[in-house]
> 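One structure coming up, written as structure tokens, with questions to follow.
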Amino acid sequence: MTYTVHVPQSDISFDCPPGTTILDAAKAAGYELPYSCRTGACGSCKGKILSGDVETPEGAEGLSKEERAAGMALFCQAKPCSDVDIGTRSITRFDPNAQKIVDAKIYRVTRVTDDISLLQLRFPAGTRVKFKAGQYLQVLLEDGERRSFSMANPPHQNDGVQLHVRHLAGGKFSGYLEAGPASGDIVKLELAFGDFYLREDTEKPIIFVASGTGFAPIKAMLEDAFKRKLTSRPMTLYWGGRRSKDLYFVDQALKWAQQYPHFTFVPVLSEPEEGWQGRTGFVHRAVMDDFSSLAEYEVYACGVPAMINAAREDFVSQRGLPSDAFFCDVFVPEGGGK
């Protein structure tokens, strides 16, 4: 038996085999729904089940109890149990040229902290890959597993990619980097993925919120905006870490703040060392301390699930941020997907 997923007020319908998520069925049928982490943590794929029944796991971090009660579902998790009608903020024809598999060469590995490396990969000569600033790629491991990493370089630097890799105990890919790969080693990539990119159909000011290596896609967004001289929208970056070493690109962020009058940088430490003169505490709370209302803002947040979920909940419920003005990407443990 195959179920039918229909998008009312459109001519879009597609088949969904039992046990298949709505997101995967849409992609198989040639349609692109909004998504990012694919684990139920970020909420980017959120939509409404207008009719029919779906099976969804309990406790997905990207969906509140109130939203679930209102008929909302995460399409990366929801599996139809009948024909369903869905409401989604967007659905488009999938571009078959949007994703490529590329054999990239390791150009440089730079250890910037005791647990973070910057990995620079180069594409084969003449290969250029289209992507949006903020999207991510997947590293295809030899055993068939995949690891997801945000691209930290802007799209105009399209002869390769820069990845910010946190080293995890027992991690397969970070362990590979720990072993000291040689320059010229081949890494197989598939790109680009995700719905985390700057929306340009509004003039609302932007607040970026990053924790740890969640800075990577935001770096790409900012460098792309600076390159294209998108100066009409004020932009503020709040970057949080435990210690000052965790803000491994802080000098560059401070230079941006000096160079671009419409950009402001606020570093925040949760466990500051002695002598730290900057902001302290949780990074999303620093935003709330500075803004009594976020009703006229857009927020782009990237980091661990706890930060993303706290920011979404508090910004919407306590600072009036429209729920559709919160865009995010969630970093999940290695092996857990993106």
Side-chain angles (χ1 to χ4, degrees), residues 27 32-38 42 44 90 92-108 110 118-140 146-165 187-204 206-210 213-233 235 237 239 249 252-253 255-256 259-260 262-263 298-303 327-331 338:
K27 185 173 182 179
E32 192 81 63
L33 290 168
Y35 75 96
S36 187
C37 74
R38 300 179 70 94
C42 74
S44 296
S90 72
T92 57
R93 277 286 183 186
F94 179 72
D95 179 1
N97 298 315
Q99 292 173 356
K100 290 185 177 181
I101 293 180
V102 178
D103 288 335
K105 288 185 178 181
I106 290 180
Y107 175 68
R108 182 183 296 121
T110 305
L118 269 57
L119 173 60
Q120 190 73 42
L121 298 169
R122 290 283 175 83
F123 298 148
T127 299
R128 297 291 184 269
V129 179
K130 293 174 62 176
F131 61 92
K132 296 178 180 179
Q135 289 189 299
Y136 69 92
L137 57 73
Q138 293 186 334
V139 175
L140 311 184
R146 293 170 175 247
R147 297 294 183 265
S148 299
F149 297 98
S150 293
M151 292 175 281
N153 52 298
H156 63 270
Q157 298 174 4
N158 61 357
D159 61 343
V161 290
Q162 182 187 97
L163 309 179
H164 296 182
V165 181
V187 178
K188 188 177 291 292
L189 312 173
E190 186 172 4
L191 64 165
F193 297 93
D195 196 46
F196 191 56
Y197 56 84
L198 194 65
R199 273 60 178 179
E200 298 185 39
D201 57 352
T202 176
E203 290 298 312
K204 287 184 176 182
I206 301 167
I207 294 174
F208 296 100
V209 187
T213 54
F215 170 74
I218 291 174
K219 170 183 175 291
M221 288 184 183
L222 287 168
E223 290 182 332
D224 182 50
F226 298 150
K227 172 71 173 180
R228 296 192 291 125
K229 299 181 179 180
L230 302 180
T231 60
S232 62
R233 302 171 67 183
M235 300 179 180
L237 166 62
W239 187 10
F249 254 89
Q252 182 62 64
K255 288 180 182 178
W256 289 337
Q259 187 175 356
Y260 302 104
H262 68 299
F263 173 73
E298 280 189 343
V299 172
Y300 293 81
C302 187
F327 305 96
C328 67
D329 196 6
V330 176
F331 282 6
K338 178 117 174 114

> Is P217 close to Y300 at the side-chain level, that is, under 4.5 Å between some pair of heavy atoms?
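Sidechains of P217 and Y300: no contact.
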> Taking the side chain as every heavy atom from C-beta outward, state whether R147 and V165 have any pair of such atoms under 4.5 Å apart.
no
> How many angstroms lie between CZ in F123 and CG in L191, if you round to the nearest 0.5 Å?
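Reported to 0.5 Å precision, the distance equals 5.0 Å.
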> Would you name the heavy atoms of N158 and R128 that are closest together and state the gap between them?
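Minimum heavy-atom separation between N158 and R128: OD1-CD, 3.0 Å.
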> For F226, is the NZ or CZ atom of R228 found under 6.0 angstrom from the centre of its six-membered ring and inside 45 degrees of the ring axis?
no
> Do R38 and Y35 form a cation-pi contact, if we require the NZ or CZ to be under 6.0 Å from the six-membered ring centre and within 45 degrees of the ring's axis?
yes
> Going from CH2 on W256 to CZ on F263, what distance comes out if it is rounded to the nearest 0.5 angstrom?
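Spacing of CH2 (W256) from CZ (F263) equals 6.5 Å.
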> Please report the closest heavy-atom contact between G194 and Q135, naming both atoms and the distance.
O-NE2, 3.0 Å
> Do N153 side-chain atoms and G160 backbone N/O form a donor-acceptor pair below 3.5 Å?
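Checking the backbone N and O of G160 against the side chain of N153, a donor-acceptor pair under 3.5 Å is found.
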> Do the side chains of D159 and Y107 get nearer than 4.5 Å, heavy atoms only?
no
> Measure the spacing between CD1 of I106 and CG of L121 and express it to the nearest 0.5 Å.
6.0 Å
> Side chain of Y260, backbone of T231: donor and acceptor closer than 3.5 Å?
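Side chain of Y260 to backbone of T231, a donor-acceptor pair under 3.5 Å: no, none is there.
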> Rounded to the nearest 0.5 Å, how far apart are OH of Y136 and CZ of F331?
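Nearest 0.5 Å value for the OH-CZ distance: 11.0 Å.
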> Measure the shortest side-chain to side-chain distance between Q162 and Q157 over non-hydrogen atoms and say whether it is less than 4.5 angstrom.
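No; the side chains remain at least 4.5 Å from each other.
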> Locate the shortest heavy-atom distance separating A152 from K219; write the atom from each residue and the value.
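In this case the closest contact between A152 and K219 is O-NZ, 2.9 Å.
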> Around K204, counting heavy atoms of other residues, nucleotides and ligands shown, do more than 12 lie under 6.0 Å from its NZ?
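Enclosed.
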> So, for A220 and P154, which heavy atoms are closest and what is the spacing to 0.1 Å?
O-CB, 3.8 Å
> If we only count heavy atoms from C-beta on, is the F149 to L189 side-chain gap below 4.5 Å?
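With C-beta onward as the side chain, the pair stays apart.
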> Please report the interatomic distance CZ(F327) to CZ(R199), rounded to the nearest 0.5 Å.
4.5 Å
> Counting N and O atoms only, with roles assigned by atom type, does the side chain of Q138 sit under 3.5 Å from a partner on the main chain of E190, one being a donor and the other an acceptor?
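No, because the side chain of Q138 does not come within donor-acceptor range (under 3.5 Å) of the backbone of E190.
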> Working to the nearest 0.5 Å, report the span between CG of L230 and CG of D224.
7.0 Å
> Would you check if E298 and R233 make a side-chain contact, meaning some heavy-atom pair closer than 4.5 Å?
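Side-chain contact under 4.5 Å: yes.
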> After noting the C-alpha distance and the side-chain angles of M221 and M235, does the key distance pass the side-chain contact (heavy atoms from CB on, under 4.5 Å) rule?
CA-CA 11 Å; M221 288 184 183; M235 300 179 180; over 6 Å; no
> Begin from the C-alpha positions of I206 and L198 and carry the test side-chain contact (heavy atoms from CB on, under 4.5 Å) through to its verdict.
CA-CA 9 Å; I206 301 167; L198 194 65; 3.4 Å; yes
> Taking the side chain as everything from C-beta on, heavy atoms only, tell me whether F196 gets closer than 4.5 Å to C302.
yes
